[in-house]
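Some notes on the structure that comes next.
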Number of protein chains: 2
Amino acid sequence: MDETVKSAEAITQQCLQHFDVNWLINRAAHGLREAMDAEANAHGTSIRGHIVLTALVQNDGRPYSQLALGHALGVDKTTMTALLDKLERSGLVVRTPDPNDRRARIPVITEAGRELQAKLYDLLKAVEARVLDPLTPEERETLRSLLRKIIPMEHVEGSCM
Amino acid sequence: MDETVKSAEAITQQCLQHFDVNWLINRAAHGLREAMDAEANAHGTSIRGHIVLTALVQNDGRPYSQLALGHALGVDKTTMTALLDKLERSGLVVRTPDPNDRRARIPVITEAGRELQAKLYDLLKAVEARVLDPLTPEERETLRSLLRKIIPMEHVEGSCM
DNA sequence: TATTGTTATACTCTATAACTATA
DNA sequence: TATAGTTATAGAGTATAACAATA
């Protein structure tokens, strides 16, 4: 039991007391996000990659240009380019030319991408369930409800990444 | 009402439904952190700067070396160097030599640092209160309690930044 | 002229390794 | 030989500006 360790705990306690909601919520958010990202990394992609794949799956019938997809997910077009570069290198997505506009390219999910999305979807749900395991179903619903109340409404249409 | 905007909302809804806790908690965490950081930025520092100042104020009697301070706050020594560089440039902290170890330096908060810490402490509490305004006092306590339950315990002694 | 997508550039954060001066 | 602190460097993430092809 050296002094430094005791003080480290003391400072953590202070963080916890003084700005506790900020500290707690960022800790919890970081923990959940890291756990899910680790699962995605283990399968060769990331949470952000999975979000893009999910958007492509769910909008299968209506093809998105890169710009529209970026706008829908709330990210810059240069960020979208970087995300799609990775997904394309992994063979999860291919960029196809837009027949109506030769400037534009339509990202299309591949069969491999579709399979990974489905598998990862279940795995990420399981990670979320594991992290939330200490809460009862009622408590989880309460948490969701409380969080919704404090999310600034003007941002809800913005980024989901 | 163009198609793209409708789809953006649809995708946000999907994020909200499918991984809602991850999405909600990271949204809420980001919102709170950004609001507090904006306040700190407006006064020439950051949340992380304020945390360092707060640690220095609260451990006034027991001087920390940079390494011990970094350990206590859960950050790397190189990160600590960068944080202290900014605080020292702003005149909020001075590095003094450790009389017992000429390799070590003791960061000491200045009078200006002390004043800023106190002012910012109140301002950040006000920001937190403003963000949490939609919640009743009971709901805030419930939120704290639920968040504590899902924070991985092995990390609680770690970083508070 | 304006727009899609890419590239180049820059800025922040973060972490590792190399270095110095002590111990 | 090990440790405190700095610096150099490199990697991710993010944003702006310049550019090529097309509208």
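For the numbers below, each heavy atom of this structure counts, side chains included, while hydrogens, waters and symmetry mates do not. Proteins get letters first, then strands, A, B, ... in listed order; numbering begins at 1 in each.
- Rounded to an integer number of Å, the gap from A/M80 CE to D/dG13 C1' is 14 Å.
- Using a 4.5 Å heavy-atom cutoff, the side chains of B/I151 and A/L24 are in contact.
- Using modelled atom types, no side-chain atom of A/S145 and backbone atom of A/E141 make a donor-acceptor pair closer than 3.5 Å.
- Taking atom CG on B/L84 and atom P on C/dC13, their separation rounds to 15 Å, with Å as the unit.
- For A/R102, the side chain to side chain donor-acceptor pair (under 3.5 Å) test picks out no residue, with sequence neighbours left out.
- Across A/V108, A/L53, A/T110, a single residue satisfies side-chain contact (heavy atoms from CB on, under 4.5 Å) together with A/V93, and that is A/L53.
- For the pair B/D85 CG and C/dT12 P, the interatomic distance rounds to 14 Å; values are reported in whole Å.
- Atom C1' of nucleotide D/dG13 and atom NZ of A/K86 are separated by 8 Å, given to the nearest angstrom.
- The listed nucleotides are D/dT16, C/dG5, D/dT14; the one nearest the side chain of A/R105 is C/dG5.
- In this structure, A/D76 places its CG atom 14 Å from C1' of D/dA18, rounding to the nearest Å.
- The interatomic distance linking B/R95 (CZ) with D/dT6 (C1') rounds to 9 Å, in whole Å.
- For A/L67, whose side chain is taken as the heavy atoms from C-beta onward, the closest listed nucleotide among C/dG5, D/dT14, C/dT16 is C/dG5.
- Annotation: side chain of A/N22 is not in contact with side chain of B/V131 (no heavy-atom distance under 4.5 Å).
- Taking the side chain as every heavy atom from C-beta outward, B/L69 and B/V75 never approach each other to under 4.5 Å.
- Taking atom CD1 on A/I47 and atom P on D/dA12, their separation rounds to 17 Å, with Å as the unit.
- In this structure, B/N41 places its CG atom 14 Å from C1' of C/dC13, rounding to the nearest Å.
- Heavy atoms of A/T78 sit under 4.0 angstrom from at least one base atom.
- Considering only side-chain atoms of B/R48, the nucleotide from D/dT14, C/dT6, C/dT14 that sits closest is C/dT14.
- Remark: side-chain polar atoms of B/R140 are paired, donor with acceptor, to backbone N or O of B/L135 under 3.5 angstrom.
- The residue among B/T81 and A/V75 whose nearest nucleotide of DNA chain D is located toward the 5' end is B/T81.
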Report all interatomic pairs (protein N or O, nucleotide N or O of nucleotides 19-23 of chain D) with separations under 3.5 Å.
from	atom 1	to	atom 2	distance (Å)
D/dA23	OP1	A/R102	N	2.8

